[in-house]
Number of protein chains: 2
Amino acid sequence: MAERQVKIGLVGLGTVGCGVAKLILEEGDRIAAKSGLRLELACVVDKDTKSSRPVKLPKGLLTDDINKLLKDDSIQIGVELIGGTDAARTIQLKMLETGKDVVTANKALLAEHSNELFNVAHRHNRCIAFEASCGGGIPVISSIRTGLAANNITQIYGIVNGTCNYILSNMTSKGEDFSEALAQAQKNGYAEADPTLDINGLDSAHKLTILASIAFGYEIRLEDIFVEGIEEISKDDIRYGGEMGYILKLLAIAQKEQDDHISLRVHPSFIPEQNRLARVDGPFNAVSLLGTATGQVMLYGRGAGMMPTASAVVSDIIDVALGNSTNTFGHLLLKPRDKTKSLIEKIDNLQSRFYIRLMVKDQPGVFAQIGNILAENSISISGILQHEGKGPENTVPVVITTHPARQSNVTTMLDGLDKIDTVCSKPVCIRIVNVPEI
Amino acid sequence: MAERQVKIGLVGLGTVGCGVAKLILEEGDRIAAKSGLRLELACVVDKDTKSSRPVKLPKGLLTDDINKLLKDDSIQIGVELIGGTDAARTIQLKMLETGKDVVTANKALLAEHSNELFNVAHRHNRCIAFEASCGGGIPVISSIRTGLAANNITQIYGIVNGTCNYILSNMTSKGEDFSEALAQAQKNGYAEADPTLDINGLDSAHKLTILASIAFGYEIRLEDIFVEGIEEISKDDIRYGGEMGYILKLLAIAQKEQDDHISLRVHPSFIPEQNRLARVDGPFNAVSLLGTATGQVMLYGRGAGMMPTASAVVSDIIDVALGNSTNTFGHLLLKPRDKTKSLIEKIDNLQSRFYIRLMVKDQPGVFAQIGNILAENSISISGILQHEGKGPENTVPVVITTHPARQSNVTTMLDGLDKIDTVCSKPVCIRIVNVPEI
């Protein structure tokens, strides 16, 4: 079969961009043998045309002028890898308007503007492919869209931020403080100089917006997701939770009930140590999907990094060039916003188990006080842990795990506990999540 | 967007066939909303038209006449689910010749006749989709073909037979004999009345033939695969291996070296208990793929059963109807047999670590004898386990693990050991496999 040439324009020659250029330049023969497609890097745009980079581009390819790419009608696929939501949005829109299909890893942009971008793409009969936006090298988007297409996917549990997972894994295995573990992650290249978006949970929420949208078929927005980060996690709680059989992970969770209501949240979660997701460590990611026909399917692999993410981008390029993405994307019809919004459950309605740690004065009557406040809020105790010996300022840590309780009741209870004299610092509250393994 | 009707003819109304009919009949609206396709079951063929089944078909749909299906030109997709290699081959060929795309779960047929079938399909500009042939509900074929398409996949490690995994898991966790565990598997519906193809490793080899062919792009045949089953596994070896930190699994392994030589084998394998694959239990399957760009990707889920397999079949139907499978299948060009055959490594050349158990007479000088035979064959000992106390007939079990050694040397060594008077029964030899986690 004759090879078909496919010209590609790449915007953003950062880490992932270099990986994409490398794959296209170095693996061209293998990709051609496999797909019948000869990928050609026709134009690379970056505002920095001077710095040395880990890939050697053919002369004349790199430019700081986006119009060179946009005006070249022979370029069929535009790859946007600059990130962010402003310039990237404009560039993707212009790519679509000038007749190019778009491949991107930009989760923030998709989480905030997918509706606009998808509409423009549909109007121009083009497609947007975004495997690289979630889970790096793990083929989770294509699995949801094709391999699991016959399923009604009802639950998603994801460890989708490698930075947080690296930090939490080190806090767990080495007993490091949050700040030590973060510094270590930065030193080893697993965290950005400014890690805010990772550790505050927003990056995971961006990814969950995308995963839940395509899995459930709803137009879901970032604002629908309840988000808590890992900034305030203490190594003490990881240790106490560990003693009770739990491992702490930052989970992105989406659940669809039988009445079509959906619950969307990103928060630190204690999961039973035997659970498969508890064993996803360091920079690895994993997504567990529950389908009505398949039961549980889990996908595991490297969630970030130059080559894993580049692998997802180039796989998308191949899929787009073969025409498959256009076919599939054409049917990516999300239930519109006005029909979706009322289906999003408020976090107050969440039923969950909870881990609660109180620093209490070591004196008689404290347990009675605590017990009363729990009872008043209909919260039932599942386990208690109190070690002998004293903490700072004559306080001792008391850890309580609850049976399933309503979030709003727990919030009221925490307020109540916070007001007692004998509870000496703000109660710590972490949700316990039972990820189904069926 | 208007719905497009897609007529489907189904051959084989067994367990999976009933699951497929159920999904098409009951999930039609959801599939239409997601894909724009209205799947219609136009004809169901089975030689048994009388038995009651777990799905209620519309009247007049079920027939024992295959020609009704073949002659109906409005049927675009033929689903072959009768299994076996004779009638199924004829039916698939006729489906292709009458202009129908084929969806199948038939791993035995593909493992033995994929070349013929693929050629006929290409000639008629049709496609064959076979996600359901490997790993049941796990989207492993689509991941290799699309989500990981940019990768040079160099290694595959799969637990791809639920029956064997269920048996080995129970032998490990409950200390059951092989025969007890098999009876239990049959009682619980995890093993057929005739489990031969499962327990002798051939079913896993069928699946490995398919996985390795599409991952490596070679025309691989069943005869290329070295196969050992689990029939002779004793609970004692599972226990001794466990004491040394290993879990026993039936692994399907494909490795491609840098010089393009490939090693293909299915055999019981001791893997380190910390390894992710060691924790795949019961009827679950998992496939670990090593890609040059992604590193390790693992897919995990239910490898068999009515609805998981039906999920894969119907996902394929959707993909075929959208036109994606045809695009991708058109480029499924395998390096032809004459260029492949010489690249297949003989098992004799395998470098592996080994677990060896000998039942030896409890008398002086035995270790010296054993040690000499190992040394003569350049085999270096990594660990030794001998418990105090006696076995039957004044024998004691001695377990030796080796450093990496050549299979041919180990075979010679085993022959040598078998001939010593003080070694009282045939030596047990199980390969130790280090599945990379990178």
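All of these numbers come straight from a predicted model, not from anything done at the bench.
For A:L322, the parts lying under 4.5 angstrom from a heavy atom of chain B are both the backbone and the side chain. With a threshold of 4.5 angstrom between heavy atoms, A:R30 approaches chain B through side-chain atoms but not through N, CA, C or O. If you measure heavy-atom distances from B:V280 to chain A, the contacts under 4.5 Å come from both the backbone and the side chain. Of the two parts of A:V140, neither the backbone nor the side chain holds a non-hydrogen atom closer than 4.5 Å to a non-hydrogen atom of chain B. Proximity to chain A (any heavy atom under 4.5 Å) is shown, for B:L148, by both the backbone and the side chain. At a 4.5 Å heavy-atom cutoff, the contact between A:N151 and chain B is made by backbone and side-chain atoms alike. With a 4.5 angstrom heavy-atom cutoff, B:T146 touches chain A via backbone and side-chain atoms both. Both the backbone and the side chain of A:L299 have a heavy atom closer than 4.5 Å to some heavy atom of chain B.
Within a 6.0 Å radius of CG in B:N119, more than 12 heavy atoms belonging to other residues, nucleotides or ligands are found.
Shortest non-hydrogen contact noted between B:I153 and B:A215 is CG2-CB, 4.1 Å. Of all heavy-atom pairs between B:A32 and B:R38, the closest is CB-NH2, 3.7 Å. Residue A:V20 comes nearest to A:A310 through the heavy atom pair N-CB, 3.5 Å, listed as atom of the first residue, atom of the second, then distance.
The candidate with the highest count of non-hydrogen atom pairs below 4.5 Å against chain B, out of A:A293, A:P139, A:A312, is A:A293. Of all the listed residues (B:N324, B:I24, B:T294), the one sharing the greatest number of non-hydrogen pairs under 4.5 Å with chain A is B:N324. Of all the listed residues (B:E437, B:E131, B:R145, B:R276), the one sharing the greatest number of non-hydrogen pairs under 4.5 Å with chain A is B:R276. The candidate from B:I138, B:V297, B:D319, B:N152 with the greatest count of non-hydrogen atom pairs under 4.5 Å with chain A is B:N152. Among A:M306, A:R279, A:Q296, A:E27, the residue making the largest number of heavy-atom pairs under 4.5 Å with chain B is A:R279. In terms of non-hydrogen atom pairs under 4.5 Å with chain A, the most contact-rich of B:I438, B:L289, B:V314 is B:I438. Among the candidates B:G301, B:S142, B:A149, the residue making the largest number of heavy-atom pairs closer than 4.5 Å to chain A is B:A149. For the set A:G137, A:P308, A:G136, the entry with the most heavy-atom pairs within less than 4.5 Å of chain B is A:P308.
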Which is it for A:K34 and A:D29 under the salt bridge (charged side-chain N to carboxylate O under 4.0 Å, His left out) test, yes or no, and what are the steps along the way?
-> CA-CA 9 Å; A:K34 228 164 149 172; A:D29 288 345; over 6 Å; no
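Between B:K339 and B:D260 there is no salt bridge, since no side-chain N of the basic residue sits under 4.0 Å from a carboxylate O of the acidic one. In this structure, B:E219 does not pair ionically with B:K335, as no charged nitrogen and carboxylate oxygen lie closer than 4.0 Å.
Aromatic ring centroids of A:Y300 and A:F284 lie under 6.0 Å apart. Between B:F118 and B:F130, the ring center distance clears the sub-6.0 Å criterion.
Within the 4.5 Å cutoff, no side-chain heavy atoms of A:E40 are placed close to those of A:I8.
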